[in-house]
Amino acid sequence: PIVADGTVVLATPSGVFALSLRDGTELWRQNLSPATVESPIEYGEELVSPVATGERVFCPTADGIVALAFDDGGIVWRAEDVAGTGIPATTGDGLIVPTTEGVTVLDARNGSRRWMGSTDAKLPAVSDGTVVTGGERTGALDAATGDRQWTAPADSSGFPVVADGTVYLGTGDGLIGRSLSDGSERWRVDRGRFLFPPVVTPDSVY
């Protein structure tokens, strides 16, 4: 689930729901079929979470990407030609969607397509005008144009996390820190497999 402005929004097999954070009262629901992705630890498929920003909730579904009004759950637009395969990310007025073809960026206001990049991604991270994707390789794209900035090897089943100019990526061989600007490796921790993304605080990485 995601939490914003006193509201909890979550995707379930029965649809997308908004609940009051205070007491769990149902505020609205939409009978959508959320998209599914393979679990990183290979125990089956899991539902793709929606994301929220400002006045919108963006939901990857079996029938494309759907934008809902945050206050009442009404459908604002649909992009039925975009099959989401991961959790989107937002940047300004853009929506970055992992798809079977790579990464597609939509205009968050109306769902029109801006650009598409053929790079593997399940959950892109966005920072300082750069889109970072993980998969068989780690890649960085310009958020405005989709131009490739750099790629680096990384057998990752998790998601990249970006903080203070560093890309943190859990892999089958350890945790790697790379420079956001050029992808160069800054450090590596070889302590087993990292199946899920790290949590980064000002002092530590968990």
Side-chain angles (χ1 to χ4, degrees), residues 1-41 43-117 119-127 131-135 143 157-162 196-197 199:
I2 55 176
V3 179
D5 295 332
T7 301
V8 181
V9 181
L10 69 160
T12 78
S14 301
V16 179
F17 293 79
L19 310 175
S20 166
L21 178 61
R22 180 176 181 181
D23 59 14
T25 302
E26 183 179 312
L27 303 177
W28 53 258
R29 73 168 70 186
Q30 273 287 353
N31 295 322
L32 302 172
S33 299
T36 60
V37 293
E38 185 178 346
S39 163
I41 55 176
Y43 65 78
E45 299 210 329
E46 55 188 25
L47 297 177
V48 177
S49 171
V51 295
T53 177
E55 300 176 349
R56 299 283 184 266
V57 178
F58 303 101
C59 307
T61 76
D63 300 314
I65 307 299
V66 179
L68 307 177
F70 191 90
D71 56 355
D72 61 8
I75 295 178
V76 179
W77 54 257
R78 292 177 182 266
E80 296 181 348
D81 60 337
V82 179
T85 57
I87 301 174
T90 59
T91 172
D93 59 359
L95 182 69
I96 302 166
V97 184
T99 71
T100 54
E101 300 172 327
V103 175
T104 298
V105 176
L106 305 178
D107 189 310
R109 297 166 296 185
N110 55 33
S112 61
R113 187 177 301 206
R114 290 183 174 175
W115 56 261
M116 184 178 69
T119 184
D120 185 24
K122 294 180 181 178
L123 191 158
V126 184
S127 180
V131 180
V132 181
T133 62
S157 59
F159 311 134
V161 176
V162 182
F196 294 96
V199 175

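Note that the structure is predicted; figures quoted are calculated from it, not measured.
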Just by modelled atom types, is the A143 backbone N or O under 3.5 Å from a matching donor or acceptor in the W115 side chain? yes
Inspect the surroundings of CG in D72 and state if more than 12 heavy atoms from other residues, nucleotides or ligands are less than 6.0 Å away. yes
With the side chain counted from C-beta on, respond yes when [X] and [Y] share a heavy-atom pair under 4.5 Å apart, and no when they do not.
X	Y	result
P98	P124	yes
V132	S127	no
V97	P60	no
F70	W28	no
V9	V16	yes
D71	E55	no

[X] to [Y] - nearest heavy-atom pair and separation:
X	Y	value
G64	T61	O-OG1, 2.7 Å
V76	L68	CG2-C, 3.9 Å
P197	V161	CB-CG2, 3.9 Å
L19	G24	CD2-O, 3.9 Å
A11	V48	CB-O, 3.9 Å
V8	P1	CG1-CB, 3.9 Å

Under the side-chain contact (heavy atoms from CB on, under 4.5 Å) rule, what do E80 and D63 come out as? Steps first, then yes or no, please. CA-CA 6 Å; E80 296 181 348; D63 300 314; 5.5 Å; no
Pair N110, S112: side-chain N/O donor-acceptor within cut-off below 3.5 Å: yes
Straight-line distance of [X] [atom1] to [Y] [atom2], nearest 0.5 Å:
X	Y	atom1	atom2	answer
I87	L47	CD1	CG	10.5 Å
R29	L10	CZ	CG	11.0 Å
R114	L106	CZ	CG	9.0 Å

Salt bridge (charged side-chain N to carboxylate O under 4.0 Å, His left out) involving R113 - partner list, sequence neighbours excluded: D81
